Number of protein chains: 2
Amino acid sequence: MTEHFDGQEAWAAALRAHGRRVTKQRLAVLAAVERHPHSPAESILAAARAELPELTAQSVYVVLGDLTDLHMLRRFEPPHSPALYETRVGDNHHHAICISCGRVEDVDCAVGHAPCLTPHWNPDAKPMTIQIADVMYQGICQDCQQAQKLPSHSPSQEKEK
Amino acid sequence: MTEHFDGQEAWAAALRAHGRRVTKQRLAVLAAVERHPHSPAESILAAARAELPELTAQSVYVVLGDLTDLHMLRRFEPPHSPALYETRVGDNHHHAICISCGRVEDVDCAVGHAPCLTPHWNPDAKPMTIQIADVMYQGICQDCQQAQKLPSHSPSQEKEK
DNA sequence: CACTTATTTTTAGCAACTCACAATAAGGCG
DNA sequence: CGCCTTATTGTGAGTTGCTAAAAATAAGTG
């Protein structure tokens with residue numbers, strides 16, 4: 001317990017910079033998210049409790065929500081999954097999710113800064129001012145592909161009767 | 001009540017083609033989704049009940065789930081919103097959501113068939129086999145932009161203390 | 001028309017959050 | 001350094017959106 005003083009202090013500074021108070025709860029949450037990117041609130045709670053056992057679920061929800069609003073954290077919601085959080089913000093990157101095992105990988109933005117970012121509006125649509133474009137790739141990771149080829153019986157696909 | 005026999009029959013055919021039974025509930029749900037694209041289950045229930053008052057919420061969930069699996073419907077889940085459904089499937093198009101009022105607009109795929117679709121994998125990542133890429137644009141629609149410029153008091157933005 | 005079984009209904013149940021309010025403790029101040 | 005204000009956390013309850021189990025109903029088949 002000696003090498004995370006710098007991270008500690010960095011987060012503290014960031015909190016102060018945003019006019020937030022530096023509490024052990026917030027530091028614990030931040031550290032937990034940093035160490036377990038792409039995690040849901042529940043896992044973050046569990047991870048944070050390792051170093052702060054009395055931490056509450058509510059606090060985690062409140063903190064995650066607040067820090068996300070401040071853009072100190074980024075939240076995204078894959079289909080059929082609770083919201084996931086990560087500390088990597090500001091660089092607009094995307095995510096690939098394995099529909100089989102749920103694993104999430106980061107994917108850098110394909111097209112530089114603004115991704116596939118300028119939508120082609122239908123002639124009849126009233127264009128919006130786009131602020132961000134979340135791209136969510138869905139596929140099958142190598143491990144799961146392997147598993148499907150193997151012996152097994154049910155590929156658990158469509159049933160179509 | 002005379003002009004929707006064709007739609008009726010088209011959906012019935014599609015259901016049969018997928019080995020599903022043609023029930024008034026399924027037809028009502030399909031019709032409701034078609035008439036109210038980008039709607040959550042609850043709204044679809046309400047809309048469908050207009051023509052089939054005894055329809056159950058459960059049935060709607062079951063039907064929506066089943067038809068989505070069959071790709072007769074498409075589901076997507078904007079942040080902070082329940083799942084939305086639409087009948088426009090097969091043409092990979094995307095969605096733009098107004099973060100202020102929640103309105104959803106369809107956006108045709110920018111890059112032809114596969115959208116911005118080939119992720120650039122980080123050197124250390126094990127690439128997945130991508131099947132689909134959902135792009136979710138978030139921004140502010142013209143109406144809401146207007147509203148924000150106007151007199152009002154709280155733009156309901158960050159608070160940053 | 002009878003029969004099989006998909007589909008719907010009924011009734012519970014649950015996960016992931018949100019809300020309201022009391023208790024606690026940062027950070028500013030004298 | 002102790003006091004005070006108010007952000008933050010904790011407590012306890014409540015909600016939404018959806019899934020599960022089992023009984024009732026009704027498509028489609030022969």
Side-chain angles (χ1 to χ4, degrees), chain A residues 8-9 11-30 32 39-46 48-49 52-70 72-73 75-85 102 158-161, chain B residues 8-9 11-30 32 39-46 48-49 52-70 72-73 75-85 102 158-161:
Chain A
Q8 199 92 334
E9 207 26 75
W11 287 128
L15 285 170
R16 274 187 281 265
H18 285 283
R20 293 297 185 269
R21 291 182 180 173
V22 178
T23 67
K24 52 195 175 192
Q25 289 88 339
R26 282 163 124 91
L27 291 176
V29 168
L30 252 351
S39 296
E42 192 182 325
S43 305
I44 294 167
L45 171 63
R49 271 184 169 160
L52 187 63
E54 67 273 29
L55 180 63
T56 295
Q58 270 30 339
S59 301
V60 172
Y61 281 113
V62 170
V63 170
L64 289 176
D66 186 43
L67 299 187
T68 300
D69 289 346
L70 295 178
M72 286 182 60
L73 294 180
R75 160 175 39 217
F76 62 102
E77 305 177 21
H80 307 311
S81 158
L84 306 183
Y85 296 85
E158 291 232 354
K159 48 182 183 181
E160 283 285 4
K161 179 182 191 177
Chain B
Q8 198 91 333
E9 208 25 75
W11 286 127
L15 284 169
R16 274 187 280 263
H18 285 282
R20 293 297 184 268
R21 290 182 180 173
V22 178
T23 68
K24 52 195 175 192
Q25 289 89 337
R26 283 163 122 91
L27 291 176
V29 168
L30 253 351
S39 296
E42 192 182 326
S43 306
I44 293 167
L45 171 64
R49 272 183 168 160
L52 187 64
E54 68 273 31
L55 180 63
T56 296
Q58 276 340 305
S59 302
V60 172
Y61 281 113
V62 171
V63 169
L64 289 175
D66 185 43
L67 299 187
T68 300
D69 290 345
L70 295 178
M72 284 182 61
L73 293 179
R75 159 175 41 216
F76 61 102
E77 305 178 21
H80 307 308
S81 157
L84 305 183
Y85 297 84
E158 293 232 351
K159 48 182 182 179
E160 284 283 1
K161 180 181 193 175

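In what follows, chains carry the letters A, B, and so on, assigned in the order in which the sequence lines appear, proteins first and then strands, with residues in each chain numbered from 1. Predicted model only: the values in this text are computed from it and were never measured.
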message = Side chains of B:L52 and B:E54, heavy atoms from C-beta outward: is any pair under 4.5 Å?
response = yes
ask   = Would a distance-only check, ignoring hydrogens and angles, find a side-chain to backbone donor-acceptor pair under 3.5 Å from B:T23 to B:R26?
value = yes
Can you give me the N/O atom pairs linking the protein to nucleotides 14-17 of chain D at distances under 3.5 Å, or say none if there are none?
{"residue": "D:dG17", "atom": "OP2", "partner": "B:E42", "partner atom": "OE1", "Å": "3.4"}

task = Starting at atom CG of A:L64, determine the distance to atom C1' of C:dA16, rounded to an integer number of angstrom.
result = 12 Å
side-chain hydrogen bond (donor to acceptor under 3.5 Å, both in side chains) involving A:R21 - partner list, sequence neighbours excluded = none
With A:P79 via side-chain contact (heavy atoms from CB on, under 4.5 Å) - residues at least two apart = A:M136, A:Q138, B:E77
ask   = What distance separates A:S59 OG from A:D66 CG, expressed to the nearest 0.5 Å?
value = 12.0 Å
ask   = Taking only N and O in the side chain of A:R26, is any of them less than 4.0 Å away from OP1 or OP2 of D:dT9?
value = yes
ask   = Nearest of D:dC18, C:dC17, C:dT9 to any side-chain atom of B:A41?
value = D:dC18
message = Is there a side-chain contact between A:L73 and A:L30 in this structure, where contact means two heavy atoms from C-beta onward sitting under 4.5 Å apart?
response = yes
ask   = Who pairs with B:R49 by side-chain hydrogen bond (donor to acceptor under 3.5 Å, both in side chains), at least two apart in sequence or on another chain?
value = none
message = Just to verify, what does B:Y61 make a ring pair (Phe, Tyr, Trp, His ring centres under 6.0 Å) with, not counting sequence neighbours?
response = none
query = Atom CG of B:L27 and atom P of C:dT7: how far apart are they, to the nearest Å?
reply = 12 Å
query = For DNA chain D, whose closest nucleotide is more 5', that of B:E77 or that of A:V60?
reply = A:V60
remark   = Separation of C:dT7 atom P from B:E54 atom CD, nearest Å, is 18 Å
inquiry  = If I take atom NE2 in residue A:H80 and atom C1' in nucleotide C:dA16, what distance separates them, rounded to the nearest angstrom?
reply    = 16 Å
Provide a list of protein-nucleic acid N or O atom pairs under 3.5 angstrom, restricted to nucleotides 28-30 of chain C.
none

task = Mind checking side-chain contact (heavy atoms from CB on, under 4.5 Å) for B:V62 and listing every partner two or more places apart, or none if nothing turns up?
result = none
request  = List the steps, then state whether side-chain contact (heavy atoms from CB on, under 4.5 Å) holds for B:L70 with B:L15.
outcome  = CA-CA 10 Å; B:L70 295 178; B:L15 284 169; 5.8 Å; no
key: Sequence-distant partners of A:E42, side-chain contact (heavy atoms from CB on, under 4.5 Å), two or more places apart   = none
query = What are the two closest non-hydrogen atoms of B:P40 and B:P82, and how far apart are they?
reply = CB-CG, 3.9 Å
Pairwise side-chain contact, B:H18 with B:L67, heavy-atom cut-off 4.5 Å (strictly under) = no
inquiry  = Counting only side-chain nitrogens and oxygens, does B:T56 get under 4.0 Å of the OP1 or OP2 atom of C:dT8?
reply    = no
request  = Could you check how far CG of A:L45 sits from C1' of C:dA15, rounded to whole Å?
outcome  = 14 Å
ask   = Could you give the CG-to-P distance, from B:L84 to D:dC18, as a whole number of Å?
value = 9 Å
task = Measure the distance from CG on B:D69 to C1' on C:dA6 and round it to the nearest whole Å.
result = 16 Å
Distance in angstrom units between B:D66 CG and D:dC18 C1', rounded = 16 Å
request  = Treat primed atoms plus P, OP1 and OP2 as sugar-phosphate and everything else as base, then score nucleotides 20-30 of chain D 5' to 3': B for base contact with protein heavy atoms under 4.0 Å, S for sugar-phosphate contact only, - for none.
outcome  = B------BS--
task = Applying side-chain contact (heavy atoms from CB on, under 4.5 Å), name anything that partners B:V60, two or more places apart in sequence or on another chain.
result = B:V29, B:A41, B:I44, B:L45, B:L55, B:L64
ask   = Could you give the angle between the helix axes at the two ends of the helix from C:dC1-D:dG30 to C:dG30-D:dC1, with five pairs per end, rounded to 10 degrees?
value = 30°
